[in-house]
Amino acid sequence: MELAPDNPSGRARKLKPTKKLQENDIVIFGTGDNMGIQTITSDKKFLRGASAQGVNFDAILHEPKNI
């Protein structure tokens, strides 16, 4: 397995952190965005918050799994 270095896209870097948009999530989703890959997530809150700021990420949303 190869880890991708943090390298968020320009549009992700324009997002302003909020309660819904934590800086580490911006880096994670933004790096996938920069690489042109989908992110699989249950973080609906992040996706809604980013969309409210005009950024829609290519993501597959799944229901959270309670362990």
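Positions are given from 1, in the same order as the sequence printed here.
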Exam field: side chain [X] to backbone [Y], donor-acceptor pair closer than 3.5 Å:
X: Asp33; Y: Ser9; value: no
X: Arg11; Y: Gly54; value: no
X: Thr31; Y: Val27; value: yes
X: Glu23; Y: Pro17; value: no

Item to complete: Assess whether atom CD1 of Ile40 is packed by more than 12 heavy atoms of other residues, nucleotides or ligands within 6.0 Å.
Response: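 It does not: Ile40 CD1 has 12 such atoms or fewer within range.
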
Between [atom1] on residue [X] and [atom2] on residue [Y], distance to nearest 0.5 Å:
X: Ile26; Y: Lys14; atom1: CD1; atom2: NZ; value: 14.0 Å
X: Leu15; Y: Leu21; atom1: CG; atom2: CG; value: 6.0 Å
X: Arg13; Y: Asn34; atom1: CZ; atom2: CG; value: 7.0 Å

Discussion item. Enumerate the side chain to side chain donor-acceptor pair (under 3.5 Å) contacts for residues 36-47, please, sequence neighbours excluded, ordered by first and then second residue.
Written reply: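 The answer is Gln38-Asp58.
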
Fill in: Leu61 with Ile37, same ILVMFWY side-chain cluster at under 4.5 Å
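Looking at the clustering, Ile37 is in a separate group from Leu61.
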
Worksheet item: Are Met35 and Val55 joined in one hydrophobic group, where the rule is that I, L, V, M, F, W and Y side chains link up if heavy atoms are under 4.5 Å apart?
Response: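 No, no single cluster joins them.
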
Discussion item. Once ring-ring contact (aromatic ring centres under 6.0 Å, His included) is applied, what residue pairs with a partner in residues 16-49 remain, sequence neighbours excluded?
Written reply: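 For residues 16-49, and leaving out neighbouring residues, the ring-ring contact (aromatic ring centres under 6.0 Å, His included) pairs sorted by first residue read Phe29-Phe46, Phe29-Phe57, Phe46-Phe57.
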
